[in-house]
Student: 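Once you've had a glance at the structure underneath, I'll fire off some questions.
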Amino acid sequence: MGSKKRNSNAVDEAEGLVDDTAAHNVVVSSPLKKKVKKNKRKDGEVTNGDADSVPDSVKPMERQKKRKAMDKERHHSAFQEKESQPQQQPKPRTEEAQASVASSSGSGMPEFHIGVFKDLALADVSLRQQAAESLVIELREVQKAYESVEKDLDESGPKLEAEKDDGLNDCAPSLRYAVRRLIRGVSSSRECARQGFALGLTLLVDTIPSIKVDSLLKLIVDLLEVSSSMKGQEVRDCLLGRLFAYGALARSGRLVKEWNSDKNTPYIKEFTSLLISLAAKKRYLQEPAVSIILDMVDKLPADASLSHILEAPDVHEWFEGANEVGNPDALLLALRIREKVYVESEKFGKLLPNPFSPSKLFAAEHLSSLVNCLKESTFCQPRVHSVWPVLVNILLPDTVLQTEDAASVSTSLKKHKKSRKSSSSEEEIVKNFQSFCEIIIEGSLLLSSHDRKHLAFDVLLLLFPRLPASFVSIVLSYKLVQCLMDILSTKDSWLYKAAQYFLKELIDWVRNDDVRRVSVIIALQKHSNGKFDALTRTKTVKDLMSEFKTESGCMLFIQNLMNMFVDEGSASDEPSDQSQTTDDNSEIGSNGEKDSMGTMGTPDFLKSWVIESLPSILKHLKLDVEAKFRVQKEILKFLAVQGLFSASLGTEVTSFELQEKFRWPKAATSSALCRMCIEQIQLLLANAQKVEGSHSLANGSEASDLGSYFMRFLSTLRNIPSVSLFRSLSDEDEKAFKKLQEMETKLSREERNCGLSTDAIKLHALRYLLIQLLLQVLLRPEEFSEAASELIMCCKKAFAVSDLLDSSGEDDLDGDVTPNLMDVLVDTLLSLLPQSSAPMRSSMEQVFKYFCEDVTDDGLMRMLRVIKKDLKPARHHNAESEDDDDDDDGDLFGIEEEEEVDETETGETGESDDEQTDDSEAVGGVEEANKELPEDSDDSDGGMDDDAMFRMDTYLAQIFKEKKNQAGSETAQSQLVLFKLPRLADQPFLPTVLMESTQLHSNFFQIGSCILIFACLLYTGKPQVLMVYTNLARALVNPNTVEGSEQLGQRIWGILQKKIFKAKEFPKNETVQLTTLASLLEKSLKWASKPFKRKKSAANPSKKKQSASLKRHKMINSLAQNSTFWILKIINTKKLTESELQRVHDIFQGVLVGYFDSKKSQIKSEFLKEIFRRRPSIGYHLFGFLLEKCRGAKSVFRRVESLDLVMEILKSLVPFISSKGSLVTSTRNLKAHLGNLSLLIKELVTNMPEKQSRRAEVRKFCGKIFQMVSTLKLTKSFLKELPDDADAACQSQLGEVYLNLKKASQEK
């Protein structure tokens, strides 16, 4: 089959080239490369005659062999002559004339240059055109001269053609030779010989009428006859030669001229019959043969086509058998002739209906009879057969595109029903198109082989330029979408690239048209049950949805999504048998993919996609505020209707107040879908609240406040008798629901009265929190009624306006013992956090943001207490862990770890490859943290630790809840008592539930950190920031706090870095005690000194665990370093006494002791250098001690590494400034430490390191010291301080550097 396809492609290329060349008329001279001398003209005639003419008595096979042998000899001689004269340039035209063959040199007749035939086979199209034009011009002149002289001159002149019985008796010998050679040339496979010789023959037959048609037809058959002894390539060349020769005759226009001169000419019938018989020989000849006939049909009048072509022999039989054998070329010929003739005839057999009409052609019965013809059109792949564009033109005339407008968009995606109002022609086109897609595309091509599936995609691509948007639902049918998903789900599928290209073209087709985009999205998701992207592993639907840019496009998409949700049986009516779209060789996907399809193939999955897609439209939408608000309202109304309500009478309800009709599905919406709708409403309101800002306050809540609109819409639908909530509420939830509605209404009215004040912003935030809580009451019954009552009381107390309070006297009871409003609000928000949705937590953040200025220290500690609580304490306390480390009693922030130091690398490199402590073995030390905080930091604990406090909270909570559940307790007085008591009723809920649920634990802390970020902003410049810092650092360091929540750890780390360490404001007053700062400083430095530790339980830890442990170690080390810098910055602002300064210096002195003496201390020298650079005074006080420890260091690595610390201190201690005062100071400072420096150098040169790199560091350090000494003119003093036994070591180890120093001292 592959060779046949290549043959067909060759024919198509040849036809195209013939078309191109026939349209241009360019004449140039073709240089002759072979001389034929005049005095040897006769010999040349004989040679040519032998080569090209053989008596008719000789058999065709022998004639062919002789001709080929002579052609081969002639080409060989021409090649040898060319090789012998390689540098010879083409001679001018005048020289060619001398070497050319003339028909008669003595009679003065024009000359014909046979070298032009070589140029006809060149690959360059322009050269072939020029050669053909030159050939025709010369032969026309020769023929004119031949006709004007006596015929007896021919006998004495040169005879280029010996054979006379060819029917070309009226032609000059040169012309006869040219015709025969052109016919033979079209059978040559050399370069572009077929195209060039066919072009020459076309122009020649068209220009010179002396060439008779009957003679030409006879010559084509005789010269290109196929014998039984020929092999495959020879047969192919002859058949293609005949095809090109017939094509040249048809396109020359001679047959049309013959018909014009004689209406009864037999040549057209004979020519058609010859083409039909030629097409029957080989499959690859059918389509080009029909193409030649159609070229002739286009040139002939309609009556000539009817009387000559349809009446030609074998045509009727060809049409009759086309349906059975599957002949798409016969169908193409019939359609094109019928298009030209417009006559009803039985000559077309069963190919065309009689009488003909598009509706009958595309009727189901007739299309079924054409299936074989159309299926066999795959023979010419990858090219699409010519019959398909003809069918597309009939199926979708241009008028369809002109009549398609935006007015019919809203109904374009609905099923075509009988009640649809449209013209009869439009209904006929829709019916024809649907029949074509169902029978040909779905029923035939998609159910067959890979080639025919490929053809189906190609045909659909032909339809796209003419396809109205309303037809998309027919094209993208269930079977086609399933076929696409089957192919795209497997990358190694044979059709994967074809399906990918089809999808790309489909996306390009809908690029700038919202109507098409909506139609495609709906069709893809409807027939894939909402999971097209998931199964095809693409982002097709997602990308299409992100490209909506206009309000009209969004509204259209929303409307169609609503219709898809409400209409029943949208996907269930389609066949579920997957085999209907695939054959035995198709790729249906792996078993795993089938399983995933089963899990996502629930009836509600498509509806859940609709619910999730509605709010996502707004994600990439860039509209003005008013347009976006209108889109939000449409989405909100649909979600509210489908998620919150149900109709008790029928599926449609009309609201006269809203002047809208609302619909529900016939089957009741599941509770899971209702919950999804509520969650999406919450998300929509939360996003609107973030984007709104103060815009709604400026324009009025009625104009662009989505929350206010939602509450009015909710109230309106609840007042309709036939509409009820999707589930019944308990008495407590019903009361909470109504109270939340009433309070929101009052706050909304008060907000409008406040204008643009700060109170209006607070009221706005509270209103949205009430709305979110109202939705939570519906989402999770019997969980939020109590919190709703308490939040309502907070609203009343926050805005003590007459219409917000239930009574005027009860609220003033025992005012002296009423707790702070913000404390109660904080406790209420904390109690809501673990069980709230993400949008509700976002609203709580907004409330806290605007009310956090009033947070008390007690409220802050309530938040911090929960943050620092270790929710995963160790099950067993290991007594031996107390002896593991020296510094367990002072571990950072009270977090102890049972770990084992890996000492393999701590000696000199200071690195470790081991793991950190196993999280399950960490021992909670939260109790110690409370004792280490300032005394006034947490007075509310009453001397109780956290565990005792939470146990007490649980006991009190039980008492208060029993009291609250008593009959008649829901009064204003009971609410006021509950408000006045500390919020212990809900506090025990937090640790108890969170310790049992890791998921709630992670969610709670994540949101707790979000709220604390505002606390950090509030207390940045106040002493309380130390309390925030301590608790956040403890939560970050404790592995049990952030376990399973990487996002929480990142957010806490971000708060510490951006809002505390890098904040412009920090505590600067004297209220912060130095003891607190010193304690925090010491702990930070100890944690910075801790090495990377190995987990005892991990003998062979995985790379993932190693990476996580190392990452955590680096994060904690960075925390310790940054906290050290921050604490030093606070200490630097205080006015400290000498004793207080000495305490700070003692802390760093202890760090240096551990640095030099302990292997467990892994503090980085770069960190110490940065401390000395930022706080030079610390370096001044520790310089002498540093020199002593460096000189006596046990580790060579530590001694060499500490040289950088010495140089860092010397940079600030001995600044090289040109002023006289600075030089004096530098000299005095350096002179005070010359003794220690000389002893250090003596120790260095006496015990030089073994490693070359460290020896280089020592020499570099000594050189810098010598330079300082020399610059400050302390050379003699230094040498005097240098011990005598060090002189020889310095000379041997330091060489010229030391000798130059001594020499300079002697010179001075």
Student: Between the main-chain N or O of Arg511 and the side-chain N or O of Arg517, is there a donor-acceptor pair closer than 3.5 Å?
Tutor: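 At least one qualifying donor-acceptor pair exists.
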Student: Measure the acute angle between the ring planes of Phe271 and Tyr246, then classify it against the limits of 30° and 60° as parallel, tilted or perpendicular.
Tutor: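 The rings of Phe271 and Tyr246 stand perpendicular, inter-plane angle above 60°.
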Student: Using modelled atom types and a 3.5 Å cut-off, is there a donor and acceptor pairing between side-chain atoms of His527 and backbone atoms of Leu476?
Tutor: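 Here the side-chain-to-backbone pair exists.
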Student: Could you tell me which non-hydrogen atom of Ser369 sits nearest to which non-hydrogen atom of Asn323, and how far apart they are?
Tutor: O-ND2, 3.2 Å
Student: Does any N or O in the side chain of Ser435 come within less than 3.5 Å of the main-chain N or O of Asn432, such that one atom is a donor and the other an acceptor?
Tutor: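 No; judged by distance alone, with no hydrogens or angles, the pair does not exist.
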Student: If only atom types and distance count, is the side chain of Asp533 paired as donor or acceptor with the main-chain N or O of Lys542 below 3.5 Å?
Tutor: yes
Student: Under 3.5 Å, is there a donor-acceptor pair linking the side chains of Asn372 and Glu376?
Tutor: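 No, no side-chain donor-acceptor pair sits under 3.5 Å.
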Student: Compare all side-chain heavy atoms of Asn529 with those of Trp609 and state whether any distance is below 4.5 angstrom.
Tutor: no
Student: Verify, without hydrogens or angle tests, whether Thr490 (side chain) and Ile487 (backbone) share a donor-acceptor contact under 3.5 angstrom.
Tutor: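 Such a contact is absent between Thr490 side chain and Ile487 backbone.
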Student: Please evaluate residues Leu606 and Phe565 with respect to the criterion side chain to side chain contact (heavy atoms under 4.5 Å, CB included), reporting the C-alpha separation (whole Å), side-chain torsions for both, the decisive distance (0.1 Å), and the verdict.
Tutor: CA-CA 8 Å; Leu606 180 61; Phe565 187 93; over 6 Å; no
Student: Would you say the side-chain atoms of Lys340 pair up with the backbone N or O of Leu300, donor to acceptor, closer than 3.5 Å?
Tutor: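 Judged by distance alone, yes, a pair lies under 3.5 Å.
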Student: Can you see whether Phe348 has Arg338 sitting over its ring - NZ or CZ less than 6.0 Å from the centre and within 45° of the normal?
Tutor: no
Student: Hydrogens and angles aside, do Ser277 and Asp314 bring a side-chain donor and acceptor to less than 3.5 Å of each other?
Tutor: no
Student: Would you say that more than 12 heavy atoms from the other residues, nucleotides or ligands in this model lie under 6.0 Å from the CD of Glu365, or not?
Tutor: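 Counting other residues, nucleotides and ligands, CD of Glu365 stays at 12 neighbours or fewer.
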Student: Using a strict cut-off of less than 4.0 Å between a Lys/Arg side-chain nitrogen and an Asp/Glu carboxylate oxygen, indicate whether Asp514 and Lys549 qualify as a salt bridge.
Tutor: no
Student: Could you check whether any side-chain heavy atom of Tyr501 comes within less than 4.5 Å of a side-chain heavy atom of Phe457, counting everything from C-beta outward?
Tutor: no
Student: Side chain of Lys350, backbone of Glu320: donor and acceptor closer than 3.5 Å?
Tutor: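 Side chain of Lys350 to backbone of Glu320: no pair is present.
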Student: Looking at every heavy atom in both Met564 and Val610, which two are closest together, and how far apart are they?
Tutor: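 Closest pair (atom of Met564, atom of Val610, distance): SD-CG2, 3.9 Å.
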Student: Treating Arg516 as the side-chain partner and Ala469 as the backbone partner, does any N or O pair qualify as donor plus acceptor under 3.5 Å?
Tutor: no
Student: Please answer whether the main-chain N or O of Ser489 pairs with a side-chain N or O of Arg537 as donor and acceptor at a distance below 3.5 Å.
Tutor: yes
Student: Could you go through Ile558 and Leu614, starting from their C-alpha distance and side-chain angles, then the distance that decides it, and tell me whether this counts as side chain to side chain contact (heavy atoms under 4.5 Å, CB included)?
Tutor: CA-CA 7 Å; Ile558 293 170; Leu614 282 169; 4.0 Å; yes
Student: Do NZ/NE/NH1/NH2 and the carboxylate oxygens of Arg383 and Glu287 come within less than 4.0 Å?
Tutor: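 Counted as a salt bridge, because a side-chain N and a carboxylate O are separated by less than 4.0 Å.
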Student: Taking the basic N atoms (NZ, or NE/NH1/NH2) and the acidic carboxylate oxygens, is any pair closer than 4.0 Å for Asp295 and Lys299?
Tutor: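 Between Lys299 and Asp295 there is no salt bridge, as every charged N stays at least 4.0 Å from the carboxylate O atoms.
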Student: Short question: side chain of His454, backbone of Ser449 - any donor-acceptor pair under 3.5 Å?
Tutor: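 No; zero donor-acceptor contacts below 3.5 Å.
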Student: Measure the spacing between OG of Ser377 and CG of Asn327 and express it to the nearest 0.5 Å.
Tutor: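 So the OG of Ser377 and the CG of Asn327 are separated by 11.0 Å.
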Student: May I have the step-by-step check of side chain to side chain contact (heavy atoms under 4.5 Å, CB included) for Leu503 and Leu506, ending in yes or no?
Tutor: CA-CA 5 Å; Leu503 207 58; Leu506 178 64; 4.3 Å; yes
Student: Are Phe464 and Phe502 close enough that their ring centers fall under 6.0 Å?
Tutor: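 So the answer is yes for these two rings.
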Student: Start with the C-alpha distance between Ser189 and Arg194, add both sets of side-chain angles, then the distance that settles side chain to side chain contact (heavy atoms under 4.5 Å, CB included), and finish with yes or no.
Tutor: CA-CA 7 Å; Ser189 59; Arg194 287 195 181 97; 4.1 Å; yes
Student: Do Arg466 and Asn393 have side chains that get closer than 4.5 Å, going by heavy atoms?
Tutor: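 Yes, their side chains come closer than 4.5 Å.
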Student: Working note: Asp237 + Gln233, criterion side chain to side chain donor-acceptor pair (under 3.5 Å); need CA distance, chi angles, decisive distance, verdict.
Tutor: CA-CA 6 Å; Asp237 289 340; Gln233 183 63 31; 3.2 Å; yes
